[in-house]
Amino acid sequence: VSSTAEKFDFFYLVQQWPGSFCDTRQGCCFPDDTKPAAAFGIHGMWPNYAKCRGRQGLARAMLGDAAGADDAFLSTVGRRGKCWPEYCDDGNELSPWEIRDLVASLDRSWPTLSCKNRRSFQFWSYEWKKHGTCSNLEPHDYFARALALKAKHDLAAILADAGIVPSDTETYTVSSVRDAIAQGTGFVANLECNRDADGEAQLFQVYQCVDRDAKKLIDCPLAMPTKCTDRVKLPVF
Ligand code: 5GP
Ligand code: 5GP
């Protein structure tokens with residue numbers, strides 16, 4: 001793509017559970033007021049380093065994360081430095097024309113749930129600028145490969161096969177969720193939780209790891225702070 005190829009190590013393909021985005025204090029909205037399917041949706045596909053680099057440019061997001069993390073993690077984060085590249089080409093705006101044949105599929109698989117502007121294209125172009133411009137891929141390949149990887153495995157179906165079904169009362173062990181995804185996809189993923197309005201931990205995002213070509217899943221090489229408790233909910237959407 002460019003002469004200054006980013007040397008990241010792998011991607012996180014991050015998928016969000018809409019029930020856990022919507023039932024927090026922030027709430028949610030739907031594009032065109034159409035409720036998406038009760039399925040995981042893509043949040044982004046993020047180039048990542050396997051080892052954080054230097055101290056300079058310590059990502060703000062990482063510090064924000066660390067605020068909620070334990071002391072052990074905090075002491076690591078201080079030494080971690082920059083853990084991923086972002087905004088690699090600021091002038092590089094996503095054009096609707098470049099991804100026109102993917103829009104129907106993106107609408108289904110990568111819908112925005114934010115109330116800020118309710119336009120999924122805005123979400124895709126934000127993710128393109130922040131993460132996609134560091135991927136060494138053209139926009140069409142970047143989005144097409146994320147969609148293809150997501151289409152390989154239906155995470156909600158994989159969880160349901162393991163008896164982990166959306167419920168507003170039931171809780172599940174994080175290890176059962178982790179095992180179900182490893183079994184169902186063949187690869188170890190990372191999990192992230194958030195809190196519902198009652199402060200209870202719920203599965204929010206699944207981070208699957210992907211090779212540098214964005215063509216196949218790999219076992220995640222890194223653990224991350226999960227904000228999950230031993231038992232978590234999977235709220236109804
Ligand atoms: P949060 O602080 O909500 O976890 O993350 C805020 C933003 O920082 C994410 O939407 C994403 O753009 C970026 N981010 C957070 N964690 C990671 C990570 O582990 N790898 C990469 N590449 N980006 C991340
Ligand atoms: P990241 O966390 O990737 O840096 O940023 C996510 C940004 O995209 C936030 O500014 C958020 O407001 C916006 N956004 C739009 N739609 C969504 C969505 O469905 N989920 C999430 N997590 N963020 C969204």
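Whatever order the structure lists them in is the order used to number ligands and atoms, beginning at 1. When a residue number appears, it is its place in the shown sequence, counting from 1.
- Considering backbone and side-chain atoms together, Lys130 places an N or O closer than 3.5 Å to an N or O of ligand 1.
- The residue Tyr207 has no part lying near ligand 1, judged by heavy-atom distances below 4.0 Å.
- With atom 17 (C) of ligand 2 as the reference point, the heavy atom nearest to it among Trp110, Phe123, Tyr126 is part of Phe123.
- The proximity of Gln16 to ligand 2, defined as any non-hydrogen pair under 4.0 Å, is limited to the side chain.
- A 4.5 Å side-chain heavy-atom check between Phe237 and Cys22 finds at least one atom pair inside the cut-off.
- The pair Asp33-Arg118 counts as a salt bridge, with a side-chain nitrogen and a carboxylate oxygen less than 4.0 angstrom apart.
- Between the CZ atom in Phe143 and the CE atom in Met45 there is a gap of 8.5 Å [rounded to 0.5 Å].
- Using a 4.0 Å cut-off to heavy atoms of Pro47, the atoms of ligand 1 that qualify are 22 (N).
- Between Trp110 and Phe123, the ring planes are perpendicular. Angles over 60° get that label, and only those under 30° would be called parallel.
- Looking from atom 22 (N) of ligand 2 to the surrounding protein, the closest heavy atom is His43 CE1, 3.2 Å.
- To the nearest 0.5 angstrom, Cys193 atom SG is 12.5 Å from Lys233 atom NZ.
- Annotation for ligand 1: atoms under 4.0 Å from non-hydrogen atoms of Asn48 are 18 (C), 19 (O), 20 (N), 21 (C), 22 (N).
- When non-hydrogen atoms are compared, ligand 1 lies under 4.0 Å from the side chain of His131 (C-beta onward) but not from its backbone.
- Residue, atom and distance of the protein heavy atom nearest to atom 12 (O) of ligand 2 are Lys116 NZ, 3.1 Å.
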